[in-house]
Peer 1: 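Here it is, the structure in full.
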Amino acid sequence: MLAAVLHDIRDLRLEEVPDPTPGPGEVLIAVAHNGICGSDLKLFEMGLRSGVGDAPHPLTRHSGPQILGHEFSGVITALGDGAGGFAVGDRVCVQPDYHCGVCPPCRTGHTHLCQILTFHGVVSSGGGLSQRTCVPAGMVHHLPPTLTMVQGALVEPMAVSYHAVGRGDVQPGELAVVVGAGPIGIGVVLNLRARGVGDIVVAEPSAARRAVIEQFGATAVDPSALSGHLATRTVRGGADVAFDCAGRGATYGATLASLRARGRAVIVAGSSAHPLEMSAHLLQHTEITITGSLAFEPGDFAATIDLMAGGAYPTDGWVEHIALADILTDGIAPLLAGRKTKVLIDLPT
């Protein structure tokens, strides 16, 4: 079968690899669509150092070259022994996190904060950027008949955004700022709208992405104009809550600076290459709260699927499809340059 395999920094190859066979408790999925996200771009730019190493991962036992892809939907084509609750032909999406179940966060129900957390398509024996992949049945969610396979491939990033908005505890009537209008930023806007939050300002340097985000009822501005725009919007001195969906050094500063006194910042995107630096004086004299948000916790996938079935995540105008053969030229390159918003790879049958 054909797969996109990352070998090293910017060394992504389309290769013929062996077909996987589902083991006990696993299902085999023929992948329909797989989205490219910021984590894939980080892996591409940083190579094996950013998540794939020489030592086998303690959960997946995988090391070395990696088939990318963790945002995908497809059809079950085979079942391993004990993979109950599913049948061949089921339309599904995948919640791709592997967790140990025994560390302190796992024991308290916060499996998304597992101390050895990893993801299918990041450090695993397969990934969604392949024609077929095997995953544990516990990762798999049925798609309701009303949802398309395209929507199924968007459940994962929308669940990330759903979790982030929950961490911000945003209420109708509050002013929200979103820094970054990539897929997660769009997801945050859509989830804010689903919560009844109507006053949303998005800071995004790309004019193309600003045009996309405004179709969802948000006000989009260049980051350089954010502070001036907020000064004319509210007497509160800033936003009630701000979401950093870009994860760069400069964006952290813009996120914190956009807040009113006692405002709330949610760091959704992050990278060890871009540490969060801030003044203790600022923290003390504004009493702002800074909150982290990682992936999705138990229940977020099901809630996202329900919201999606209710029409909360329209795909028009921001989702583009390309073939697997064009992943480098029409997918990764324009995404890195900020010329596209969301790219789904249509896997060959």
Side-chain angles (χ1 to χ4, degrees), residues 37-38 41 154 157-234 236-260 263-270 274 288 290-291 293 307 312-320 334-343:
C37 88
L41 299 179
L154 296 172
M158 294 303 98
V160 171
S161 303
Y162 175 89
H163 181 67
V165 170
R167 293 287 292 157
D169 192 27
V170 197
Q171 304 300 318
E174 290 190 311
L175 170 59
V177 163
V178 179
V179 178
I184 300 302
I186 288 176
V188 166
V189 169
L190 295 176
N191 276 291
L192 287 168
R193 294 296 299 248
R195 276 183 170 238
V197 178
D199 200 359
I200 307 168
V201 179
V202 180
E204 167 58 51
S206 166
R209 288 182 171 180
R210 289 199 299 271
V212 168
I213 204 72
E214 286 189 329
Q215 74 178 345
F216 302 120
T219 300
V221 299
D222 188 272
S224 63
L226 178 61
S227 59
H229 180 81
L230 291 175
T232 66
R233 286 286 297 272
T234 176
R236 292 170 287 186
D240 298 290
V241 60
F243 299 86
D244 192 307
C245 300
R248 305 281 178 172
T251 65
Y252 295 142
T255 300
L256 300 182
S258 72
L259 292 170
R260 62 167 172 81
R264 310 181 304 278
V266 181
I267 306 302
V268 189
H274 299 279
I288 60 174
I290 302 175
T291 300
S293 180
L307 281 171
Y313 307 110
T315 60
D316 292 345
W318 66 284
V319 178
E320 179 178 335
L335 285 170
L336 285 171
R339 298 194 303 270
K340 294 185 177 182
T341 302
K342 187 62 180 179
V343 172

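Computed from heavy atoms alone, side chains included, the values below leave out hydrogens, waters and symmetry copies.
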Peer 1: What residues, two or more places apart in sequence or in another chain, satisfy salt bridge (charged side-chain N to carboxylate O under 4.0 Å, His left out) together with Glu320?
Peer 2: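 By the salt bridge (charged side-chain N to carboxylate O under 4.0 Å, His left out) rule, Glu320 matches Lys340.
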Peer 1: Not counting sequence neighbours, list each pair that qualifies as a salt bridge (charged side-chain N to carboxylate O under 4.0 Å, His left out) and has a residue in residues 175-188.
Peer 2: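 Not a single pair qualifies under salt bridge (charged side-chain N to carboxylate O under 4.0 Å, His left out).
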Peer 1: According to side chain to side chain donor-acceptor pair (under 3.5 Å), who are the partners of Tyr313, at least two apart in sequence or on a separate chain?
Peer 2: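 Asn191.
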Peer 1: Only pairs at least two apart or in different chains count here, so list each ring-ring contact (aromatic ring centres under 6.0 Å, His included) that has a residue in residues 163-190.
Peer 2: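 Of all non-adjacent pairs touching residues 163-190, those that pass ring-ring contact (aromatic ring centres under 6.0 Å, His included) are His112-His163.
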Peer 1: According to side chain to side chain donor-acceptor pair (under 3.5 Å), who are the partners of Gln171, at least two apart in sequence or on a separate chain?
Peer 2: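 Asp169.
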Peer 1: Could you name each residue pair satisfying ring-ring contact (aromatic ring centres under 6.0 Å, His included) that touches residues 164-208, not counting sequence neighbours?
Peer 2: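 Applying ring-ring contact (aromatic ring centres under 6.0 Å, His included) to every pair that reaches into residues 164-208, excluding sequence neighbours, yields nothing.
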Peer 1: How long is the gap from CG on Leu226 to OG1 on Thr219, to the nearest 0.5 Å?
Peer 2: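 Between Leu226 CG and Thr219 OG1, I get 11.0 Å after rounding to 0.5 Å.
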Peer 1: Please list all pairs passing the ring-ring contact (aromatic ring centres under 6.0 Å, His included) test where one or both residues lie in residues 165-200, with sequence neighbours left out.
Peer 2: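 Applying ring-ring contact (aromatic ring centres under 6.0 Å, His included) to every pair that reaches into residues 165-200, excluding sequence neighbours, yields nothing.
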Peer 1: Quick test of your reading: applying ring-ring contact (aromatic ring centres under 6.0 Å, His included), list the pairs with at least one residue in residues 167-215, sequence neighbours left out, ordered by first then second residue.
Peer 2: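 Not a single pair qualifies under ring-ring contact (aromatic ring centres under 6.0 Å, His included).
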Peer 1: Is any side-chain heavy atom of Val178 closer than 4.5 Å to a side-chain heavy atom of Cys245?
Peer 2: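 Yes, close enough: below the 4.5 Å cut-off.
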Peer 1: What distance separates Ile200 CD1 from Phe243 CZ, expressed to the nearest 0.5 Å?
Peer 2: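 The CZ atom of Phe243 is 9.0 Å from CD1 of Ile200, to the nearest 0.5 Å.
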Peer 1: Of all the heavy-atom pairs spanning Ala194 and Leu307, show the shortest one and how long it is.
Peer 2: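 Minimum heavy-atom contact is CB-CD2, 4.4 Å.
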Peer 1: For Ala257, enumerate each residue passing the side chain to side chain contact (heavy atoms under 4.5 Å, CB included) test, keeping only those at least two apart in sequence or located in another chain.
Peer 2: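 Side chain to side chain contact (heavy atoms under 4.5 Å, CB included) list for Ala257, sorted by chain: empty.
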Peer 1: So which heavy atom on Pro183 is nearest to which on Ser161, and how close?
Peer 2: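 Closest heavy-atom pair between Pro183 and Ser161: O-OG, 4.5 Å.
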Peer 1: Once side chain to side chain contact (heavy atoms under 4.5 Å, CB included) is applied, do any residues pair with Thr341, and if so which ones, sequence neighbours excluded?
Peer 2: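 Listed in chain order: Ile186, Arg209, Val212, Trp318.
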Peer 1: How about Leu175 and Arg260: do any of their side-chain heavy atoms sit closer than 4.5 Å?
Peer 2: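 Heavy-atom side-chain distance check fails, nothing below 4.5 Å.
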Peer 1: How long is the gap from CD1 on Ile288 to CG on Leu256, to the nearest 0.5 Å?
Peer 2: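 The CD1 atom of Ile288 sits 4.5 Å away from the CG atom of Leu256.
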Peer 1: Does Ala211 have any side chain to side chain contact (heavy atoms under 4.5 Å, CB included) partners at least two apart in sequence or in another chain, and if so, which?
Peer 2: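 Ala211 satisfies side chain to side chain contact (heavy atoms under 4.5 Å, CB included) with no residue once adjacent residues are dropped.
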Peer 1: Within the 4.5 Å heavy-atom criterion, are Arg195 and Val165 side-chain neighbours or not?
Peer 2: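 Yes - at least one pair of side-chain heavy atoms lies under 4.5 Å apart.
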Peer 1: State, to 0.1 Å, how close Ala246 and Gly180 come at their nearest heavy-atom pair, and which atoms those are.
Peer 2: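 Heavy atoms of Ala246 and Gly180 come nearest at CB-CA, 4.5 Å.
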Peer 1: Rounded to the nearest 0.5 Å, how far apart are CE of Met158 and CG of Leu190?
Peer 2: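 These two atoms lie 6.5 Å from each other.
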Peer 1: Please step through side-chain contact (heavy atoms from CB on, under 4.5 Å) for the pair Lys342 and Leu154, ending with a clear verdict.
Peer 2: CA-CA 10 Å; Lys342 187 62 180 179; Leu154 296 172; 4.1 Å; yes
Peer 1: Going by salt bridge (charged side-chain N to carboxylate O under 4.0 Å, His left out), name the residues that satisfy it together with Arg210, two or more places apart in sequence or in a different chain.
Peer 2: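 In terms of salt bridge (charged side-chain N to carboxylate O under 4.0 Å, His left out), with neighbours along the sequence ignored, Arg210 is linked to Asp222.
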Peer 1: Which heavy atom of Ser206 sits nearest to which heavy atom of Gly338, and what is that distance?
Peer 2: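 So the minimum-distance heavy-atom pair works out to OG-O, 3.2 Å.
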